[in-house]
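A, B, ... follow the sequence lines: proteins, then strands. Residue 1 opens every chain.
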Amino acid sequence: MTTVGLIANPLAGKDVRRFTSAASLNSDRSKIEILRRCVLGAIDAGAEKVLLANDFRNLGLRAVDGLNLGSKIEEMSFHPEGRRTDTTEAAKIFKKEGVKSIISLGGDGTQRDLVLGWTDAPLLPISTGTNNVFPFMVDPTVAGTAAGLIASDELIIEEVSQRAKVIHVELPNGIKDLALVDVVLVDDRLTGSRAVVKPDSVKQVLAAIANPASIGLASIAGRSKPVYFDDESAVSVICDPKAKQGVFAPIMPGSVSDVGIVDIKEVELGETIELNGPGVLAFDGERDFVMGENESAKATVLRNGPKVINPNFAVQTAAANKVFLRKRNS
Amino acid sequence: MSSDNIFEGANEASSDEANSAERKLGYGAAVVETLAQIMREDESVFVAGEDVGAHGGVFGYFRGLQPEFGEDRVVDTPIAEQAIIGLGIGSAVQGLRPVVDLMFMDFICVAMDQIVNQAAKLKYMFGGGAKLPLTITTAGGAGLSAAAQHSQSLEAMLCHVPGLKVVMPSDAYEVKGLLTSCVREDNPTVFIINKRKLADTCHVPEELFEIPLGEGHIVREGSDVTVVAIGRMVDEAKVAAEKLSNEGIDCELINPRTVQPLDIDLMVESVSKTGHLVIVHEAVRFGGIGAEIAAQIQEQAFDYLDAPIERVAAPFSPIPFSPVLEKQYIPDAERIVAGIKNLF
Amino acid sequence: MEITDEILIDLYKRMVRVRLFEEEAGRLAESARLPGFLHLYVGEEAVASGVCGALESQDQITSTHRGHGHLLAKGGDFNRMMAELMGKSTGYCNGKGGSMHICDLDLAMLGANGIVGAGVPISVGAAYANKLTNNGLISVAFFGDGATNIGAFHEAANMAAALSLPMLFVCENNEYAEYSPRHKTMAITDVIERAAAYGFPGAIVDGMDCVAVFEAASLAIEKIRNGEGPMMLECKTYRFYDHVGVKGTASNYRTDEEVEEMRKRDPLVVHETRLIDSGVMDAESIQAIKDGIQKEVEMSVEFAENSPFPELEDMLLDVYTNGESS
């Protein structure tokens with residue numbers, strides 16, 4: 001069966017950064033519309049089935065309401081709890097079901113949750129988060145087309161995707177975690193409302209992707225020493241509000257901060273970086289793990305992450321292969 | 001509704017005679033003059049409502065306030081009657097003296113929860129701790145072919161609710177004296193402006209003065225029949241009384257001025273003298289304020305009554321649009337005369 | 001803003017005050033020692049505590065039918081509350097308001113409210129007074145998800161936005177409008193979409209975590225106080241007991257499993273764990289706080305039971321200011 005997986009994080013783009021910055025609200029309605037376009041694009045491109053991850057908002061089912069696609073739509077049978085682990089659990093089911101491509105709606109945090117469940121997933125991430133370094137800004141119809149063409153073997157995934165880098169983190173308690181864009185050590189002791197909203201609280205940034213043209217904590221690195229998706233390296237920046245040198249970085253949408261930096265260095269793939277407590281570790285922008293005084297975490301960047309499907313390149317490749325030209329019944 | 005020049009002439013007349021004892025002022029002009037004077041002396045007073053600011057109110061009786069007091073003290077609100085009353089309640093509890101306007105009295109129905117369940121009860125529910133110096137102004141009364149949703153007299157509904165005071169000025173003098181009392185009052189009041197009276201003038205003092213809420217006024221002394229007329233019906237009852245005096249019936253005309261609280265003592269005293277009572281109001285007869293007055297009079301002055309109590313009021317139907325029907329609907333001097341004659 | 005140990009402990013105390021008072025009130029109701037309806041706040045303590053903990057003492061709040069928590073979290077007095085619940089003359093409302101109308105104007109708590117959504121327009125008025133008198137205060141309207149289906153909420157939200165008022169809308173989204181699940185009564189899930197519709201920002205926060213609520217509220221309040229207009233904080237929370245009364249389980253509108261799941265996220269337990277893990281407090285001092293507050297609660301029951309009922313001749317008192325009545 002040529003199946004496309006489809007998942008949306010209902011809570012992406014709704015956190016407290018709507019107070020502290022000019023971040024947009026990404027409403028359920030807009031997500032439903034994006035999902036609907038993805039489904040239609042994928043089916044049109046030859047996917048035999050779309051497997052919907054049943055999020056706790058029923059966004060997927062609401063997106064296909066009235067399309068009369070019958071057995072082409074299948075809903076996962078697991079019970080979402082309205083937490084980030086929903087995305088991780090859904091990713092495991094996608095893997096088990098052998099879907100050939102996944103379209104995932106969310107920001108950097110959502111994509112991370114998905115990769116936690118399926119590390120080398122065939123992933124086409126779409127931006128509906130607050131910070132969107134990892135996912136693509138793309139018309140969902142085109143994303144659907146790309147995912148559908150891969151599912152139906154019109155495109156070979158290896159030709160239109162690239163493995164992403166992953167920041168693997170071993171926490172002081174031995175638990176392994178990961179990030180796709182950045183792991184940031186924050187001068188704090190609480191996870192609070194999760195988003196990192198105080199620029200002066202940033203102590204260290206380790207970024208696998210540090211693009212000066214994107215938003216989020218990684219922009220501190222991105223505007224100091226850019227590292228792109230393709231680059232075989234990462235970057236570490238040590239920050240201090242009292243530093244003599246600063247960098248102007250948009251850590252939230254519309255909110256450019258002067259962040260003091262004391263050290264910038266390139267990090268090789270495979271090299272281990274220590275992040276020393278006390279502080280809170282933020283993964284892809286979200287405060288997640290509190291470290292005590294004598295605790296530290298070890299981070300290593302490897303290129304063993306998801307196969308990230310570039311939707312524009314995929315559709316362009318398909319056009320070059322004349323995939324879209326069809327015979328008509330006259 | 002066009003409001004242009006509805007009482008401009010009255011203003012001119014008043015300025016000519018500004019300092020004389022017989023200074024005349026229009027009923028609508030009295031609203032704006034009173035508010036302006038109160039707002040000058042008390043910074044805690046502000047006005048809010050639909051179109052009250054830049055436009056000066058659809059009937060013009062807020063005109064000139066915003067240019068003088070600014071947009072923060074004369075607030076144009078959204079069309080949102082619940083929120084308008086809420087704006088008044090919340091700011092009154094904080095110690096301000098809001099005057100909030102519901103453009104037409106009919107629109108109180110949209111805000112009934114805020115008026116009935118919130119404003120009226122707050123003080124009592126809170127064990128007496130809250131003061132609510134809130135004035136709600138609203139335009140009531142029929143006669144402009146404004147039809148069933150822009151013409152009603154719903155004062156009886158409000159009078160039924162403990163906690164509210166309901167005020168119905170019958171002329172410009174009362175507008176000034178009663179509105180001053182309402183704004184200075186620490187209880188929520190509903191000040192019902194009769195929209196057919198706006199251009200009528202009468203003597204109104206230049207300075208602010210108060211007419212106590214709950215004290216009725218004997219408009220005309222008489223010995224044969226007590227006529228209690230409410231709001232604009234006072235005008236019609238005056239005409240009726242004059243007519244009947246030529247026929248040998250001497251009417252005592254009482255204007256309660258406020259229908260909650262109601263000056264029943266004044267009426268009891270009068271009925272004790274005349275032995276006859278006719279109640280006139282523009283609202284429908286069934287369950288109208290006349291029913292309450294009649295009940296209280298029979299409780300307190302039964303032995304003095306020489307005839308059943310007569311009510312002259314509107315029939316039990318929505319207010320019709322067509323001028324022919326509307327004229328028939330609203331009680332007038334002729335029907336009051338007929339009502340009084342029924343008693344003899 | 002730095003979240004100090006003092007703040008963490010203060011938030012905890014606020015929650016414990018609400019929880020222990022409410023549990024006691026629930027027991028009293030079950031043994032028929034309280035007249036009338038009782039809408040318990042248990043489960044939602046993190047919201048009132050987090051928000052009230054972030055306010056200045058004279059910032060106004062308007063509340064809901066589930067209002068005990070808001071007043072207690074703002075510093076309400078146990079004795080006067082318990083006496084009011086019993087209809088005694090020593091109560092907050094002299095026994096004339098009861099559970100649904102509890103208020104304390106000295107604490108700028110402008111009343112619980114028996115009409116769903118009705119407090120929100122009143123909060124608009126308080127915010128307007130703040131703006132007009134330039135007193136630097138903000139007003140907060142607490143309301144449930146169900147209240148956002150009523151017209152008063154929409155009128156108030158629009159007016160607050162149109163007049164750019166210093167007002168924080170706090171939605172306590174507990175997923176049920178009385179006994180009807182949210183998905184049956186509205187076609188959206190996040191109430192902040194309604195803020196967006198009226199042109200002001202909203203954000204979602206975990207309403208079972210007092211620190212998350214406190215931090216989010218603080219961020220919003222700072223902006224609101226700076227004159228940036230209204231904002232909405234939507235706290236995803238849960239009511240452990242039923243809409244009215246105590247039971248909470250074996251109901252026909254939600255499953256016991258769901259209640260059990262949410263009870264695992266008990267805001268008091270979440271915060272206790274944090275306090276202990278971060279070394280701010282140990283288990284003993286936590287217990288000492290609970291014991292102390294429980295004692296105060298029990299004393300309030302004694303106070304209330306020993307208090308007199310209102311005098312019958314006071315029935316007509318306070319219908320009007322100046323003592324008038326007709």
More than 12 heavy atoms from other groups under 6.0 Å of [atom1] on [X]:
X	atom1	value
Gln149(B)	CD	no
Phe209(B)	CZ	yes
Ile79(B)	CD1	no
Glu43(B)	CD	no
Glu68(B)	CD	yes
Glu210(B)	CD	yes

Sort out for me which of Leu122(B), Leu164(B), Val93(B) touches chain C most, counting heavy-atom pairs under 4.5 Å. Leu164(B)
Give the member of Ile85(B), Val100(B), Asn117(B), Val110(B) that has the highest number of heavy-atom pairs under 4.5 Å with chain C. Asn117(B)
Check against side-chain contact (heavy atoms from CB on, under 4.5 Å), Ile122(C) and Gln114(B): CA-CA 9 Å; Ile122(C) 295 173; Gln114(B) 289 287 318; 3.7 Å; yes
Interatomic distance, [X] atom [atom1] to [Y] atom [atom2] [nearest 0.5 angstrom]:
X	Y	atom1	atom2	result
Leu87(B)	Met159(C)	CG	CE	5.5 Å
Asn94(C)	Phe126(B)	CG	CZ	12.5 Å
Asn113(C)	Asp113(B)	CG	CG	7.5 Å

Among Cys103(C), Gly98(C), Gly97(C), which residue has the highest count of heavy-atom pairs closer than 4.5 Å to chain B?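 Option with the top pair count is Cys103(C).
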Counting heavy-atom pairs closer than 4.5 Å to chain B, which one of Pro310(C), Ala152(C), Ala156(C), Ala157(C) comes out on top?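 Top count of heavy-atom pairs under 4.5 Å with chain B: Ala152(C).
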Which region of Thr133(C), side chain (C-beta onward) or backbone (N, CA, C, O), has a non-hydrogen atom less than 4.5 Å from a non-hydrogen atom of chain B, or is it both or neither?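 Side chain only.
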Check each atom of Gln60(C) against the heavy atoms of chain B and say whether the ones under 4.5 Å are side chain, backbone, both or neither.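 Just the side chain, heavy atoms under 4.5 Å.
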Evaluate the side-chain proximity of [Y] to [X]: yes if any heavy-atom separation is below 4.5 Å, no if none is.
X	Y	answer
Tyr128(C)	Val75(B)	yes
Ile115(C)	Gln118(B)	yes
Glu185(B)	Thr321(C)	no
Ile89(B)	Leu110(C)	no
Met125(B)	Cys93(C)	no

Identify the two heavy atoms, one from Gly127(B) and one from Asp318(C), that lie closest to each other, and give their separation to 0.1 Å.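 Shortest heavy-atom separation between Gly127(B) and Asp318(C) comes out as O-OD2, 3.5 Å.
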Shortest non-hydrogen pair, Tyr320(C) vs Gln260(B), comes out as OH-CG, 3.8 Å
Chain C contact via [X] - side chain, backbone, both or neither, heavy atoms under 4.5 Å:
X	answer
Glu71(B)	backbone
Asp186(B)	both
Ile264(B)	neither
Asp72(B)	both

Pair Ile84(B)-Glu155(C), side-chain contact (heavy atoms from CB on, under 4.5 Å): steps then yes or no: CA-CA 9 Å; Ile84(B) 289 169; Glu155(C) 292 192 12; over 6 Å; no
Is there a donor-acceptor contact under 3.5 Å linking the side chains of Gln94(B) and Asn135(C)?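 Absent: no donor and acceptor within the cut-off.
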Looking only at atom types and distance, does a side-chain atom of Gln82(B) sit under 3.5 Å from a main-chain N or O of Pro121(C), one as donor and one as acceptor?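 Side chain of Gln82(B) to backbone of Pro121(C): no pair is present.
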